[in-house]
Amino acid sequence: MQEWFLDQKDKFYLNFIKDDRWRYLWDGLGVTLQITFFAVLIGIAIGMVIAAIKSTHDKTIDSIRIKILKYFLKFLNFLCNIYLTIIRGTPVVVQLMIAYYIIFQSSNNKVTIAILAFGINSGAYVAEIIRSGIMSIDAGQTEAGRSLGFNYIQTMFYIVIPQAFKNVLPALANEFIVLLKETSVSGYIALQDLTKGGDIIRGRTFDAFMPLFAVAVIYLIMVIFFTKLVNILERRLRKSER
Amino acid sequence: MNDNYLIETKDLCKYYNDGKIKALDNVNIGVEKGEVVVVIGPSGSGKSTFLRSLNLLEMPTSGKIIFEGHDITNHKSNINKHRQKMGMVFQHFNLFPHMNVLKNMTIAPIKLLKMSKQEAEEKAMDLLRRVGLADRSNAYPSQLSGGQKQRVAIVRALCMNPDVMLFDEPTSALDPEMVGEVLDVMKNLAKEGMTMVCVTHEMGFAKEVGDRVIFMDEGMVGEVGTPDQIFSDPQNLRTKQFLQSVL
Ligand SMILES: Nc1ncnc2c1ncn2[C@@H]1O[C@H](COP(=O)(O)OP(=O)(O)O)[C@@H](O)[C@H]1O
Ligand SMILES: [Mg+2]
């Protein structure tokens with residue numbers, strides 16, 4: 001028993017303390033958080049634009065009386081559908097590699113490329129989350145808003161979106177947590193994120209258990225933390241309405 | 001052409017499914033200022049479609065709607081401006097669940113009429129007092145009974161100072177014991193001279209405050225007359241059959 005503990009102590013020293021190897025995890029964590037954070041921002045931005053176009057199309061196309069506007073909206077909707085189909089129809093790691101080796105091959109800024117790739121990927125999922133949230137609001141709400149004299153955009157901002165937001169918050173938060181874990185494939189473009197950091201240690205020490213276990217625990221703690229945060233926020237929002 | 005009409009429809013048609021369903025078939029109706037028009041008819045006869053066309057919640061397939069002298073079906077007309085003058089009350093209330101009663105009532109006058117918050121709230125409180133709901137001004141819709149919700153929906157529309165009120169079966173979703181409180185509000189409104197178009201199955205209401213009754217049948221106006229004429233001496237066989245089935 002004592003022997004086992006001494007053994008573990010040695011292994012801990014070897015994997016994390018010697019040559020400051022913990023820095024691989026620490027720096028990797030920084031990269032992971034950085035990619036996730038900025039990708040989330042891009043994802044939300046893209047998602048909101050796509051959701052706005054698609055739900056405007058679905059809700060108003062039959063009542064638009066100006067022909068050219070109608071065709072323009074149909075064209076935008078078509079572009080959105082292409083984007084959604086391609087992004088959701090292919091694995092994110094393939095998209096990441098295409099971004100790095102083909103689209104941005106002249107650039108060497110891996111972090112930025114990863115942020116863009118994950119952001120563009122996440123945008124497709126965020127768009128569908130927001131859109132379904134908007135479409136889930138009863139048509140009577142829009143009609144009540146319009147009948148008071150609000151235009152389409154005012155009705156969306158004052159009446160539909162505040163209600164949709166509460167409905168989609170859990171799904172949106174879940175998407176970010178998924179993204180946090182998904183960035184673990186960044187190693188495919190030789191980016192040293194948290195996962196890759198653990199893998200590098202494993203390569204140096206020839207011990208798989210400790211570094212990979214440490215990586216898993218760090219992801220787990222972050223996921224639990226963010227889930228808690230979202231639950232608190234959700235409860236707050238619900239309390240304000242009942 | 002009658003210059004007294006506040007709203008007038010001319011050959012109003014609304015088709016669905018490429019013309020297979022004629023929800024409205026050449027409807028010509030004029031509503032005078034101060035008049036209370038009650039629309040009755042069997043389910044699916046086009047009552048809702050007619051009412052919802054008046055403020056263009058349904059876009060007519062053809063025909064015209066003249067409101068206060070403007071052809072609002074012309075796409076150059078500013079429909080949002082005209083809708084401010086047409087209050088609408090729905091069967092399912094459609095209150096905004098994320099706002100309390102006061103906010104439900106004041107958001108439109110504040111944002112659209114540029115009323116100050118204080119002025120809008122004073123007006124809203126005044127209206128709430130008149131329908132006996134002043135003590136519920138801070139409640140959220142989910143905390144109200146059906147009858148209370150519908151009374152709030154009516155005063156929410158009134159906050160915009162509309163020239164006409166449109167009602168689409170305002171008591172149909174209510175428990176029977178709550179119908180009276182909503183009808184009372186509507187009767188008072190009628191007596192104060194509000195122009196009203198009401199789709200309803202409440203024949204007592206039609207007799208008491210209606211100036212004219214329109215019987216709709218398969219998208220067409222089957223019969224028009226005073227409540228007396230329609231209820232005691234209907235000319236149209238379909239009107240007779242319908243009245244027998246509901247009275
Ligand atoms: N969005 C729609 N699509 C297809 N048919 C519709 C739609 N709305 C109404 N209709 C049809 O139009 C007719 C009139 O409906 P409606 O005006 O709701 O009748 P009412 O209010 O008198 O019950 C019905 O046959 C109905 O099925
Ligand atoms: Mg109806």
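Chain A is the first sequence line, chain B the second, and so forth, proteins listed ahead of strands; every chain is numbered from 1.
Summarising the local packing, CD of B:E192 is surrounded by more than 12 heavy atoms from other residues, nucleotides or ligands at distances under 6.0 Å. Heavy atoms of other residues, nucleotides or ligands lying less than 6.0 angstrom from CZ of A:F72 number 12 at most. Counting non-hydrogen atoms of other residues, nucleotides and ligands closer than 6.0 Å to NZ of B:K187 gives a total above 12. Under a cut-off of 6.0 angstrom, the local environment of CD1 in A:I153 is sparse, with at most 12 non-hydrogen atoms contributed by other residues, nucleotides or ligands. Counting non-hydrogen atoms of neighbouring residues, nucleotides and ligands closer than 6.0 angstrom, the CD atom of A:Q192 reaches no more than 12 such neighbours. Within 6.0 Å of NZ on B:K103 lie no more than 12 heavy atoms contributed by other residues, nucleotides or ligands. Atom CD1 of A:I82 is surrounded by more than 12 heavy atoms from other residues, nucleotides or ligands within 6.0 Å. Within a 6.0 Å sphere centred on OH of A:Y188, other residues, nucleotides and ligands contribute 12 heavy atoms or fewer.
Heavy atoms only, all atoms of each residue included: A:I159 and B:F96 are closest at CD1-CZ, 3.4 Å. Contact detail for A:G149 and B:L112: the closest heavy-atom pair is C-CD1, 3.6 Å. For A:Y158 against B:K111, the heavy-atom pair with the smallest separation is OH-CD, 3.2 Å.
Heavy-atom neighbours of chain A within the stretch residues 70-80 of chain B, taken at a separation under 4.5 angstrom, comprise B:I72, B:T73, B:N74, B:H75, B:N80. Among residues 130-147 of chain A, the residues having any heavy atom closer than 4.5 Å to a heavy atom of chain B are, in sequence order, A:D138, A:G140, A:Q141, A:E143, A:A144, A:G145, A:R146, A:S147. Residues of residues 81-93 of chain B having a heavy atom under 4.5 Å from any heavy atom of chain A, listed by number: B:R83, B:Q84, B:M86, B:M88, B:F90.
With respect to chain A, the highest number of heavy-atom pairs below 4.5 Å among B:A108, B:A157, B:A153 belongs to B:A108.
Interface remark: B:L57 contributes side-chain atoms only to the contact with chain A (heavy atom separation under 4.5 Å). Contact annotation for B:R156: both backbone and side-chain heavy atoms come within less than 4.5 Å of a heavy atom of chain A. Neither the backbone nor the side chain of B:L166 has a heavy atom closer than 4.5 Å to any heavy atom of chain A.
Partners of A:Y152 under the side-chain hydrogen bond (donor to acceptor under 3.5 Å, both in side chains) rule, at least two apart in sequence or in another chain, are A:T56.
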